[in-house]
Amino acid sequence: QVHLVESGGGSVQSGGSLRLSCAASGDTDKTKCWGWFRQSPGKEREGVATIDHYGSKMYREPVKGRFTISQDDAKSTLYLQMNSLRPEDTATYYCSADPHPCDPFGGSWYDTWFAVWGQGTQVTVSS
């Protein structure tokens, strides 16, 4: 079993940057797909970025060129570097993990793909 704990959220002005971290413990060597999701009030949780066990990364269109997903070599920490933040990026951000490979055809953008979730960290971007 994998346990995930997010940190790094906060409040920032439009155009600013934040780096989210997700500390992973447990059977991380069995995890093949890692993801960052976000959820705004009244909206469904949506995938933001994924990275697989080979290091291949995928990004949703709204964050391409602004967000970067990465992981340390030990796969003990997952990161999301967020630059050029916009008010519409305001949400609770969650990290996720699953023992199945990421779906290159988009299946990993749905929260049903992932078995393990962190508790979330709030990001607020003001204009």
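Since the structure is predicted, the reported quantities are computational estimates derived from the model, not experimental observations. Numbering starts at 1 and runs along the sequence shown.
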Point-to-point distance, once rounded to the nearest 0.5 Å, from OG1 of T77 to CG of L20: 13.0 Å

Straight-line distance of K30 NZ to H100 NE2, nearest 0.5 Å: 12.5 Å

Any pair counted as side chain to side chain donor-acceptor pair (under 3.5 Å), so long as it reaches residues 52-63, sequence neighbours left out: E61-K64

Candidate pair Y94 and E6, rule side-chain contact (heavy atoms from CB on, under 4.5 Å), full reasoning: CA-CA 7 Å; Y94 300 88; E6 301 96 334; 3.8 Å; yes

Q119, CD: over 12 other non-hydrogen atoms inside 6.0 angstrom: yes

Approximate separation, where rounding is to 0.5 Å, of L4 CG and S25 OG: 7.5 Å

Ring pair (Phe, Tyr, Trp, His ring centres under 6.0 Å) partners for F37, two or more places apart: F114, W117

Any pair counted as disulfide bond (SG atoms under 2.5 Å apart), so long as it reaches residues 24-55, sequence neighbours left out: C33-C102

Backbone N/O of A115 and side chain of D98: donor-acceptor pair under 3.5 Å: yes

Under 3.5 Å: donor-acceptor pair, side chain of S76, backbone of A24: no

Heavy-atom side-chain proximity of W34 to T28 below 4.5 angstrom: yes

Contacts of type side chain to side chain donor-acceptor pair (under 3.5 Å), residue K43, not counting sequence neighbours: none

Trace of the side-chain contact (heavy atoms from CB on, under 4.5 Å) decision for L78 with W36: CA-CA 9 Å; L78 183 71; W36 283 100; 3.4 Å; yes

Backbone of S11 reached by a side-chain donor or acceptor of T124 within 3.5 Å: no

Connected via hydrophobic side-chain network under 4.5 Å: I69 and V63: yes

Members sharing V5's hydrophobic cluster (side chains within less than 4.5 Å): none

Would you mind writing out the side-chain donor-acceptor pairs for residues 80-92 within the sub-3.5 Å range, not counting sequence neighbours?
residue	atom	partner	partner atom	Å
Q81	NE2	N83	OD1	2.9
N83	OD1	S17	OG	2.9
D89	OD1	R38	NH1	2.9
D89	OD1	R66	NH2	3.0
D89	OD2	R66	NH1	2.7
D89	OD2	R66	NH2	3.4
D89	OD2	R86	N	2.8
T90	OG1	P87	O	2.9
T90	OG1	V125	N	2.9
T90	OG1	V125	O	3.4
T92	OG1	Q122	OE1	2.8

ILVMFWY cluster, W113 and V2 together (side-chain gap under 4.5 Å): no

Path from M58 to Y79 over hydrophobic side-chain contacts below 4.5 Å: no

CZ-OH distance between R45 and Y93, expressed to the nearest 0.5 angstrom: 13.5 Å

